[in-house]
Amino acid sequence: ECGHVSVSAPIVHLGDPITASCIIKQNCSHLDLEPQILWRLGAELQPGGRQQRLSDGTQQSTITLPHLNHTRAFLSCCLNWGNSLQILDQVELRAGYPPAIPRNLSCLMNLTTSSLICQWEPGPETHLPTSFTLKSFKSRGNCQTQGDSILDCVPEDGQSHCSIPRRHLLLYQNMGIWVQAENALGTSMSPQLCLQPMDVVKLEPPMLRTMDPSPEAAPPQAGCLQLCWEPWQPALHINQKCELRHKPQSGEASWALVGPLPLEALRYELCGLLPATAYTLQIRCIRWPLPGHWSNWSPSLELRTTER
Amino acid sequence: ECGHVSVSAPIVHLGDPITASCIIKQNCSHLDLEPQILWRLGAELQPGGRQQRLSDGTQQSTITLPHLNHTRAFLSCCLNWGNSLQILDQVELRAGYPPAIPRNLSCLMNLTTSSLICQWEPGPETHLPTSFTLKSFKSRGNCQTQGDSILDCVPEDGQSHCSIPRRHLLLYQNMGIWVQAENALGTSMSPQLCLQPMDVVKLEPPMLRTMDPSPEAAPPQAGCLQLCWEPWQPALHINQKCELRHKPQSGEASWALVGPLPLEALRYELCGLLPATAYTLQIRCIRWPLPGHWSNWSPSLELRTTER
Amino acid sequence: TPLDPASSLPQSFLLKCLEQVRKIQGDGAALQEKLCATYKLCHPEELVLLRHSLGIPWAPLSSCPSQALQLTGCLSQLHSGLFLYQGLLQALEGISPELGPTLDTLQLDIADFATTIWQQMEDLGMAPALQPTQGAMPAFTSAFQRRAGGVLVASHLQRFLELAYRVLRHLAQS
């Protein structure tokens with residue numbers, strides 16, 4: 001090897017200085033007694049190389065780039081040979097930031113895929129290869145004591161969410177969860193969540209339906225609406241309470257709330273409404289009395305009350 | 001084990017007979033000296049079981065179903081016990097057809113994915129798990145002599161196409177290709193293709209463009225159109241000839257063909273057209289003089305000839 | 001005695017060779033562009049000293065000039081040159097994740113072209129009994145040397161292909 005470059009650290013904070021030195025052995029420099037070593041960053045020559053001849057005849061040049069502002073660049077050690085620039089060695093420099101603390105870690109238990117899906121905000125761009133890992137452990141208490149650790153969940157490249165499969169979960173036991181971010185300049189960890197998967201179930205709302213007109217059933221009185229709703233199948237085993245909201249389609253009236261309502265209603269009559277008015281209705285449910293999150297509001301059902 | 005069923009063959013041609021026998025050991029039948037063995041296919045009891053007592057006290061019943069018309073059914077050996085039917089053993093029966101000869105095997109070399117994609121028609125439903133495998137080998141001559149075989153290409157479940165990656169291909173050498181279909185009732189093979197991947201390249205047509213009006217260029221004469229076309233990049237290395245077709249947008253005129261044309265034209269003037277008329281133009285190319293397939297016609301270019 | 005070049009080589013063979021050369025030239029250019037764009041290694045002239053120390057060989061095509069074309073020798077040199085470049089590109093393996101696919105395509109296309117030449121030599125009864133074996137390859141001991149080696153090998157290859165293309169075109173047109 002004719003020339004060899006070594007650097008203080010190949011990865012630095014953006015804007016930090018970086019020092020490199022290039023050694024040209026004597027057997028290479030037979031071409032020229034005092035070869036002038038030149039430095040090139042990317043395609044631009046860099047002044048400021050300090051060259052000296054070592055006792056063993058080796059030539060050494062050292063250069064300090066005061067502020068490395070390229071997130072990725074190649075520093076080449078070169079030599080003037082004849083009237084051409086010769087590149088002898090090259091090193092890859094990278095600059096960026098250590099990972100910020102991942103924020104807003106939140107998890108939802110998806111009953112359709114039976115997996116706990118956690119997402120987070122990775123924070124500002126680090127310009128460096130940064131790996132995120134969702135770490136978790138089972139815990140008897142409130143996650144102060146660490147039980148068995150659960151397999152690390154590694155998101156797909158560039159994704160800020162990860163899905164822990166059912167077989168790694170105890171749905172009714174506390175687990176501590178956090179995100180670890182790591183790159184060459186450091187490691188950071190999000191605050192730890194402590195939750196039971198079933199307490200963060202993502203519920204889907206029931207399906208609101210109009211009542212099929214049937215001979216036995218009395219027609220709705222004036223100012224009343226008849227409707228029914230079917231529960232979301234995957235959550236049938238979960239006790240829930242629901243609430244209905246309604247408002248006239250036209251005008252600026254705000255939503256009126258009705259609740260608590262059962263998870264399922266084969267026939268429900270909503271009264272006290274304006275006659276001959278088109279209403280929009282929506283329903284949502286929450287696991288109850290055990291902890292849980294409200295489902296989204298269901299798609300709207302449009303119904304019209306009868307004349308006086 | 002109390003009862004045990006064995007069948008002549010668990011998989012038969014649809015409609016063929018099937019014979020089963022059920023052995024009930026003596027230690028099981030202590031409940032009843034002469035237990036009456038019953039057969040049930042799916043949910044229906046089957047008459048016609050011939051029962052006999054073997055020398056060792058074992059009870060054996062044999063039944064022949066003359067025509068198994070279920071593609072999949074369960075044959076149960078049962079026993080009357082008290083006044084309830086007891087199922088002692090059960091066997092899965094399947095019926096269907098041997099695979100037909102796969103037809104219309106055809107292959108195209110995709111230059112974007114650099115893979116040879118072959119497709120075929122699997123033939124009628126066999127009602128049985130049937131595996132398809134695309135088999136191929138390299139050949140010096142015209143595929144009469146078999147050279148190195150190429151890795152079997154197994155399509156995704158239920159798919160009738162398979163893609164042989166570039167690293168398994170010699171693009172300029174003959175290869176023999178066929179499809180093999182196999183299930184429990186037999187194996188069938190498609191006729192063998194003999195082709196060189198580069199001879200079945202799927203070309204994309206060039207991109208037709210209007211000429212940017214430029215001061216130097218003379219404006220098009222009456223009854224003429226000026227256009228240009230750019231070749232499809234992945235096939236730049238392939239010598240091709242092209243042809244252009246055009247017709248007035250309105251009216252029932254059929255396409256007029258112009259060719260052979262080069263693969264690329266920075267400026268092309270098409271004359272002999274009706275003045276002040278809107279024309280639709282399309283271009284396609286074929287590998288030439290080496291063998292190949294015509295590309296599809298390009299998307300249309302709409303141009304209008306000038307007034308007289 | 002040199003065979004009459006034009007008559008003994010099938011036109012389809014020559015046309016396929018020309019197509020394969022153009023493809024490999026395209027692959028080589030793609031490799032050169034990526035080495036320049038990513039690593040700012042754009043000019044082989046800047047790597048002359050390194051070439052001496054790495055010892056990257058040239059592949060001769062001395063039997064191919066049209067005025068003194070010696071077909072058997074030329075085809076054999078063409079095949080040996082392609083075989084050499086397969087070895088050199090193999091030695092560059094692990095050059096970088098970004099360049100991996102481009103290098104793979106280049107190697108596959110060169111291997112295909114070498115097979116086309118070898119089989120034609122066999123068909124004409126010119127092929128030596130044994131396939132050539134790869135000689136010693138330069139040792140690229142650092143990521144930089146693999147990249148610089150990539151620039152040098154690619155530029156040698158392009159010059160080799162330019163010569164080959166001229167010969168093949170001359171044969172195809174005569």
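In the text below, chain A, chain B and the rest are named by the order of the sequence lines, each starting its count at 1.
Here C:Thr115 is the residue among C:Thr105, C:Thr116, C:Thr115 with the most heavy-atom pairs under 4.5 Å with chain B. By number of non-hydrogen pairs under 4.5 angstrom with chain B, the leading residue of C:Arg22, C:Glu19, C:Lys16 is C:Glu19. Between chain B and the residues C:Gln11, C:Glu122, C:Gln107, C:Lys23, the largest count of heavy-atom pairs under 4.5 Å involves C:Lys23.
At distances below 3.5 Å, at least one donor-acceptor pair connects side-chain atoms of C:Gln134 with backbone N or O atoms of C:Phe83.
Shown here is B:Trp288, whose CH2 atom has no more than 12 heavy atoms of other residues, nucleotides or ligands within 6.0 Å. Within 6.0 Å of CE in B:Met189 there are 12 or fewer heavy atoms belonging to other residues, nucleotides or ligands.
Note: C:Trp58 and C:His156 have parallel aromatic rings, judged against thresholds of 30 and 60 degrees for the angle between ring planes.
Residue C:Asp109 touches chain B through both its backbone and its side chain, counting heavy-atom pairs closer than 4.5 Å.
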